[in-house]
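In this chain, numbering begins with 1 at the start of the sequence shown. Just the heavy atoms: all of them, side chains too, but no hydrogens, waters or symmetry mates, feed the values below.
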Amino acid sequence: MLKIQMMQEEACKQKLLQEAQRADMANNAKTEFLQRMSHDIRTPINGIRGMIEVADYYKDDLKKQDECRRKIWDALGYLLELINEVLDMSKLESEEIVLENKDFDINRLLHEIREVIEKQVYERGISLSEKEYNLKYRYLNGSPVHLKRILMNIISNAVKYNKEKGEILLSYYETQVDNRHILFEFQCKDTGVGMSKEFQNHIFEPFTQETGGARSVYGGTGLGMPITKKLIEKMGGTIKFE
């Protein structure tokens, strides 16, 4: 009995230790989150303030005014992206995001994504092509807004981290069909800069990027892939890379 009691006490100690370690990790993650958030929010705000000061200085220079407005618009876009992704991440963590049950045309959805991404692709000289494997069912019922968000995140990364005049190939096909459900597989291949083996273990962690300079070189919040993974899992799917 004494031996059993000692084993139970040891197990209880180990459990308490593990819980304390998890709490410590959670606190560290929150601290790191606040530090990065404060830095990322200040960056576009400081940029906007700086451009307003430049615009005030060159009041009669229309070319400079156009340049300032364009940079302010870009900074506001980045700030909005950051806020939206943080809110989305928060909703996913708290299970507040609800999937839709809505009729949609998957080919039309992919066409809409292409229309949005086309400007970025054109500016970089990147070739974007699609390969459809004779879909039997293009009219579906599901959550198109979330599927679009998933694909936009993946393709945007393929553009952002690609080489000049690179290539992107998006292919999709049905892998399983029953009376009520259709399982799709999407593949996105690109000629991007790649990533180290070490970073591959952390790609789905919030705010992670390949190097410290990636945030300034490529932009972005480091939340795109974590949000994508959580949305895919919420829809009953999986995501992997190679």
[X] side-chain N/O to [Y] backbone N/O, donor-acceptor pair under 3.5 Å:
X      : Y      : answer
Ser171 : Lys131 : no
Gln65  : Ala55  : yes
Arg124 : Lys165 : no
Thr175 : Leu183 : yes

Which pair of non-hydrogen atoms, one from Arg114 and one from Leu128, has the smallest distance, and what is that distance? NH2-O, 2.8 Å
Please examine the side chains of Arg149 and Ile227, heavy atoms only from C-beta on, and report whether any two atoms are closer than 4.5 Å. yes
Is there a side-chain contact between Ile154 and Phe186 in this structure, where contact means two heavy atoms from C-beta onward sitting under 4.5 Å apart?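 Of all side-chain heavy-atom pairs linking Phe186 with Ile154, none is under 4.5 Å.
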Sort and list the pairs that fulfil side chain to side chain donor-acceptor pair (under 3.5 Å) and have at least one residue in residues 44-55, not counting sequence neighbours. none
Indicate whether the side chain of Asn101 and that of Ser143 have a donor and an acceptor atom separated by less than 3.5 Å. no
For Gln14 and Glu10, test the side chains for any donor-to-acceptor distance below 3.5 angstrom and give the result as yes or no.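 Yes - a donor-acceptor pair under 3.5 Å links their side chains.
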Any salt bridge linking Arg108 with Glu112? Criterion: basic side-chain nitrogen under 4.0 Å from a carboxylate oxygen. yes
Which of these, Lys71, Arg69, Arg70, Lys63, sits in a salt bridge (charged side-chain N to carboxylate O under 4.0 Å, His left out) with Glu67?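 Going through the options one by one, the only one that passes is Lys71.
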Whether over 12 other heavy atoms sit under 6.0 Å from Tyr137 OH: no
Would you mind listing the cluster partners of Ile52? Hydrophobic ones only (ILVMFWY), side-chain contacts under 4.5 Å, chaining allowed.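 Members besides Ile52, by chain and number: Ile48, Met51, Val54, Tyr57, Tyr58, Ile72, Leu76.
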Salt bridge (Lys or Arg N to Asp or Glu O under 4.0 Å): pairs with one or both residues in residues 168-192, sequence neighbours excluded: none
